Amino acid sequence: MKKIIWGIIILLSVLNCHNDKTSSKPNSENENSENPIRINKDKNTIKERFLTPENYTWIEEKPDSFGYFIENFRLKDYGSKILKYDGSPISTQHLHEAVFDIDTGSKDLQQCADAIIRLRAEYLFKSKQFDKIQFHFTSGDLVTWNDYKNGIRAFVNGNSVSFRKTAVFDDSYKNFRNYLDLIFNYAGTISLNEETKPVIKNSDLKTGDILITPGSPGHVVFISGVCSNAQGKKLFLLGEGFTPAQSLHILSNPFNRRISPWYELDIDHPETQTARYIFKPTNFRQF
C-alpha cells in the first residue's frame, strides 16, 4: 500500500492531454502544397492503405510483434470522422487521415496515453501474453490483469490505495475492458513515461514507440508505421488519441504536404511538431 495524494492523482489523469484547441499552425510554405502521396482508400489496414513516398519502402515488423499488430490494424472506411465517446464528432476533422476500427468506450476515459495503453493491452491479450498486461496508476501502484481477473480490486481510502479480493474469477473480454477502464481512470502520461524506456538512436525508432510529454497537461503520440529509402532515411506515420476521449486516429502532416501523412522525426531535435501538439523537448520511448 503506497501513500498518495489522491485528488492530485485524479486531476493528473483527467487533465492528461491538451484539449482539441491546441493544434499548431502549419508552415505557410507547405499548407497549400499538393499532396502527392497516393492513399489506397479502399484498403482497411494501415500498411495497405498508406503507400510510401517515392523511393521509400515499408519497414515490415516481425510477425507477432507489437509493431506488426499496429501496422496491420484495421481501419474504418476512408473519410470516417473522429467521434467523441458520446458519439458526437469533434470540431477539428481536417488533421487526420484515418480512424482506427476500435471502440472508444462510453465514458470520457480513453484519452491520449490511454490510446496506446489500449493498443498495447489488446496486443498482449490477443497474443495471450497475460502476464505482461500490467500498468501503473499515476500513484505508482501496479495493477495487473492477472490480479484483476482473479477478483482483486483497488480501493481508495483517503490518501491510500489498497487491494483485496472481492470478486470471482472472470477472464472474459468484457471484464478485460472493465480492467482497462480502471487503468484509463488512474493512469496517464506520467505513469506511461515511467514504465517505458528511452530511445537513444534514430535508427532504433520503430512502430509502437511513443513520443511523450509527461505532465498535466501532457500528451503522447505513437509511431504507426515506418518506411525508409536506400540511404537509410526513415519516415513515420503517427497515431494518437486525444481529450476528450475520442477515436484513435492517424495524423496528417500539415507542415509538409509533400510527404503527408508521413513525418520526418529526429530524437535529437529540441522539439517535434505534430498536427495537434508540439512536443518540447522531444522524448521518444518504447515498451
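This structure is a prediction, so every number in the text was calculated from the model and none was measured.
With sequence neighbours left out, the ring-ring contact (aromatic ring centres under 6.0 Å, His included) criterion links F50 to no other residue. With sequence neighbours excluded, no residue satisfies side-chain hydrogen bond (donor to acceptor under 3.5 Å, both in side chains) with N150. Listed by chain and residue number, S172 satisfy the side-chain hydrogen bond (donor to acceptor under 3.5 Å, both in side chains) test with D170 (two or more places apart in sequence, or in another chain).
How far NE2 of H136 is from CG of L192: 11.5 Å, rounded to the nearest 0.5 Å. Here the straight-line distance linking atom NZ of K47 with atom CD1 of I70 works out to 15.0 Å at 0.5 Å rounding. Note that CD of Q93 is 5.5 Å distant from CD1 of I82, once rounded to the nearest 0.5 Å. Atom CG in L248 sits 6.5 Å away from atom CD1 in I102 (nearest 0.5 Å). Between the CD1 atom of I39 and the CD atom of E48 there is a distance of 14.5 Å, given to the nearest 0.5 Å. Distance check, rounded to the nearest 0.5 Å: OG1 of T52 to CG of N229 gives 10.0 Å.
The number of heavy atoms from other shown groups lying within 6.0 Å of NZ (K165) is above 12. Other residues, nucleotides and ligands contribute more than 12 heavy atoms inside 6.0 Å of the CD atom of Q286. Atom CD of E271 is surrounded by more than 12 heavy atoms from other residues, nucleotides or ligands within 6.0 Å.
Looking at every heavy atom in both residues, D204 comes nearest to D209 through O-OD2, 3.7 Å. Across H96 and S80, no two heavy atoms sit closer than the pair NE2-O, 3.0 Å. Here the closest non-hydrogen pair linking K62 and S65 is O-OG, 2.6 Å. P89 and K81 make their closest contact through CB-CD, 4.3 Å (heavy atoms, listed as atom of the first residue, atom of the second, distance). Across every non-hydrogen atom of E71 and T207, the tightest pair is OE1-OG1, 4.3 Å. Closest approach of P254 to L95, counting heavy atoms only: CG-CD2, 4.2 Å.
T189 is listed as a side-chain neighbour of C112, based on a closest heavy-atom distance under 4.5 Å. Two residues are said to be in side-chain contact when any heavy atoms from C-beta on lie closer than 4.5 Å; K280 and H269 fail this criterion. Using a 4.5 Å heavy-atom threshold, the side chains of N146 and D131 count as touching. Looking at I37 and S260, their side chains never come closer than 4.5 Å, going by heavy atoms from C-beta outward. Within the 4.5 Å cutoff, the side chain of L238 has heavy atoms near those of the I223 side chain. Residues Y85 and L109 have side chains not in contact (no heavy-atom distance under 4.5 Å, counting atoms from C-beta outward). The shortest distance between side-chain heavy atoms of L205 and V226 does not fall below 4.5 Å. Considering only heavy atoms from C-beta on, L51 comes within 4.5 Å of N40 through its side chain.
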Go through T282 and L211 one step at a time and tell me if the side-chain contact (heavy atoms from CB on, under 4.5 Å) criterion holds.
CA-CA 7 Å; T282 297; L211 172 59; 4.0 Å; yes
So L251 and E240, side-chain contact (heavy atoms from CB on, under 4.5 Å) or not? Walk me through it.
CA-CA 7 Å; L251 291 167; E240 70 172 8; 3.3 Å; yes
Could you walk me through whether N193 and N283 pass the side chain to side chain donor-acceptor pair (under 3.5 Å) check?
CA-CA 9 Å; N193 187 70; N283 176 32; 3.0 Å; yes
Would you sort out whether N253 and I259 count as a side-chain contact (heavy atoms from CB on, under 4.5 Å), showing the intermediate values?
CA-CA 8 Å; N253 183 352; I259 61 172; 4.1 Å; yes
Show your reasoning for whether salt bridge (Lys or Arg N to Asp or Glu O under 4.0 Å) applies to K126 and E122.
CA-CA 6 Å; K126 181 178 180 180; E122 291 281 354; over 6 Å; no
Determine, step by step, whether N44 and D101 satisfy the side-chain contact (heavy atoms from CB on, under 4.5 Å) criterion, reporting the C-alpha distance in whole Å, the side-chain angles of both residues, the deciding distance to 0.1 Å, and the verdict.
CA-CA 9 Å; N44 290 315; D101 190 7; over 6 Å; no
Worked check of side chain to side chain donor-acceptor pair (under 3.5 Å) between D86 and S88
CA-CA 6 Å; D86 61 3; S88 63; 2.7 Å; yes
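With W262 as the fixed residue, the ring-ring contact (aromatic ring centres under 6.0 Å, His included) test singles out one of F255, W58, Y56: W58.
Panel note: side chain R118, backbone D103; a donor-acceptor pair is recorded below 3.5 Å. Put simply, the side chain of R285 gets close to the backbone of T196: a donor and an acceptor are under 3.5 Å apart.
The closest side-chain donor-acceptor pair between Y148 and Q134, if any, does not fall under 3.5 angstrom. Using modelled atom types and a 3.5 Å distance limit, the side chains of T243 and Q111 yield a donor-acceptor pair.
Checked for salt-bridge contact, E97 and R49 miss the test: no charged N lies under 4.0 Å from a carboxylate O.
F100 and F73 have tilted rings, their planes meeting at an angle from 30° to 60° on a 0 to 90° scale. A tilted orientation is assigned to the rings of F69 and Y123, their planes being inclined by 30° to 60°. Taking the six-membered ring for Trp and thresholds of 30 and 60 degrees, F135 and Y179 have ring planes inclined between 30 and 60 degrees apart. Below 30°, between 30° and 60°, or above 60°: for Y186 and F137 the angle between ring planes is between 30° and 60°, a tilted geometry.
Each of I90 and L83 belongs to its own hydrophobic cluster when Ile, Leu, Val, Met, Phe, Trp and Tyr are linked at side-chain heavy-atom distances under 4.5 angstrom. Criterion: ILVMFWY side-chain heavy atoms under 4.5 Å apart, direct or through other members. Under it, L124 and L182 are part of a common hydrophobic cluster. Placement of L75 and Y78 within a single hydrophobic cluster is found when ILVMFWY residues are connected by side-chain heavy-atom separations under 4.5 Å, directly or transitively. Hydrophobic clustering (side-chain heavy atoms under 4.5 Å, transitive across Ile, Leu, Val, Met, Phe, Trp, Tyr) keeps F169 apart from F125. A chain of hydrophobic side-chain contacts below 4.5 Å, direct or via other Ile, Leu, Val, Met, Phe, Trp or Tyr residues, connects I152 to F130.
Centroid-to-centroid, the aromatic rings of F163 and F155 stay 6.0 Å apart or farther. Aromatic rings of Y277 and F242 (six-membered ring for Trp) have centroids beyond the 6.0 Å cut-off, not under it.
Both tests do not hold together for K132 against F287: distance to the six-membered ring centre under 6.0 Å, angle to the ring axis within 45°.
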